[in-house]
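For reference, the structure is listed below as structure tokens.
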Amino acid sequence: PPPPDAEEAAALAATRVAVGELEAAWSARQAAPVGDAEARAALRDEILQLNALVETRLGAVSVKTGRTQVSALRQAGALVLVSGLMSAVVLYLVGAALGPVSRLTQEARQLAAGERIAPRPSSGHDEIATLTAAFAQMASAVDDRDRHLQAVTLYLRRVLDSIGSAVVVVEDGTIILVGAATENPS
């Protein structure tokens, strides 16, 4: 147990003195004749004094216990507050970390569906920023390839349309391109 504070030490010393006095009175009572009313009254007074001292000591312990409980409740409240703040910080950090990943996932789905996406500038130098930059580069390359394929398709369509004879392009058994002369035979 922790060492007693000044209040406890004083109460313990007073209790020891009272117990010593009670022991002396008891010894005197044992030596006195059995019918001595004066000795009995003195012993009764000593017992009442000791009882008052014990009641005082119990009161002091109760007050100290109450103070300790209030202190413990304050500490528990502070811990709950700190825990709540820490939880809020962790949730913010998780959201900040997962937000870019979520946006990148959505953009990947859009790109897979054939939609064009606007390039997003990457900020920072962490792994997410590197991934965002690589994804933007890939999306740009896909967009460039699509534009090139559209231009080549348009060019071939014009070439085929300018040819007077019928032209049919078949790939793996599927007709993929038909010239204008084939569509409108004269």
Side-chain angles (χ1 to χ4, degrees), residues 1-113 115-140 142:
D5 60 9
E7 182 182 334
E8 275 186 273
L12 284 172
T15 303
R16 285 186 186 115
V17 168
V19 167
E21 290 173 358
L22 185 59
E23 285 175 344
W26 180 255
S27 296
R29 163 72 176 90
Q30 293 292 332
V34 174
D36 189 2
E38 189 177 302
R40 280 188 218 164
L43 182 59
R44 186 171 41 91
D45 289 343
E46 289 292 325
I47 290 173
L48 289 175
Q49 286 176 358
L50 183 58
N51 186 36
L53 258 162
V54 168
E55 290 294 326
T56 302
R57 178 68 182 128
L58 286 175
V61 168
S62 293
V63 167
K64 189 168 183 174
T65 301
R67 288 181 193 152
T68 303
Q69 287 175 339
V70 167
S71 176
L73 286 174
R74 285 183 184 150
Q75 289 174 359
L79 286 174
V80 166
L81 180 64
V82 168
S83 297
L85 288 174
M86 292 300 290
S87 296
V89 167
V90 166
L91 287 175
Y92 172 77
L93 291 175
V94 166
L98 294 181
V101 172
S102 179
R103 284 190 297 274
L104 199 56
T105 302
Q106 182 61 32
E107 288 176 0
R109 288 184 180 133
Q110 289 172 332
L111 189 62
E115 297 177 30
R116 289 192 176 166
I117 59 171
R120 180 184 303 270
S122 61
S123 60
H125 302 290
D126 59 356
E127 292 84 4
I128 300 291
T130 303
L131 181 62
T132 301
F135 182 80
Q137 188 177 19
M138 178 191 70
S140 177
V142 167

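What you see below is based on every heavy atom in this structure, not just the backbone, and it leaves out hydrogens, waters and symmetry mates. Note that the numbering runs from 1 along the sequence shown for the chain.
Atom-to-atom distance recorded for L131:CG and D126:CG is 10.0 Å, nearest 0.5 angstrom. Between the CG atom in L98 and the CZ atom in R103 there is a gap of 10.5 Å [rounded to 0.5 Å]. Note that CD1 of I128 is 6.5 Å distant from OG1 of T132, once rounded to the nearest 0.5 Å.
Judged purely by atom type and a 3.5 angstrom limit, T68 uses its side chain to pair as donor or acceptor with the backbone of K64. Although no hydrogens or angles enter the test, the distance criterion places a donor-acceptor pair under 3.5 Å between the side chain of T56 and the main chain of A52. The backbone N or O of R67 sits nowhere less than 3.5 Å from a side-chain atom of S71 that would complete a donor-acceptor pair.
Within a 6.0 Å radius of CD in E21, other residues, nucleotides and ligands contribute more than 12 heavy atoms.
In terms of heavy-atom proximity, A139 sits nearest to I117 at CB-CD1, 3.8 Å. V142 approaches L111 most closely through the heavy-atom pair CG1-CD1, 4.2 Å.
Side-chain atoms of T130 and H125, non-hydrogen and from C-beta on, never get closer than 4.5 Å to each other.
When E107, Q110, R109 are each tested for a side chain to side chain contact (heavy atoms under 4.5 Å, CB included) with E115, only one passes: Q110.
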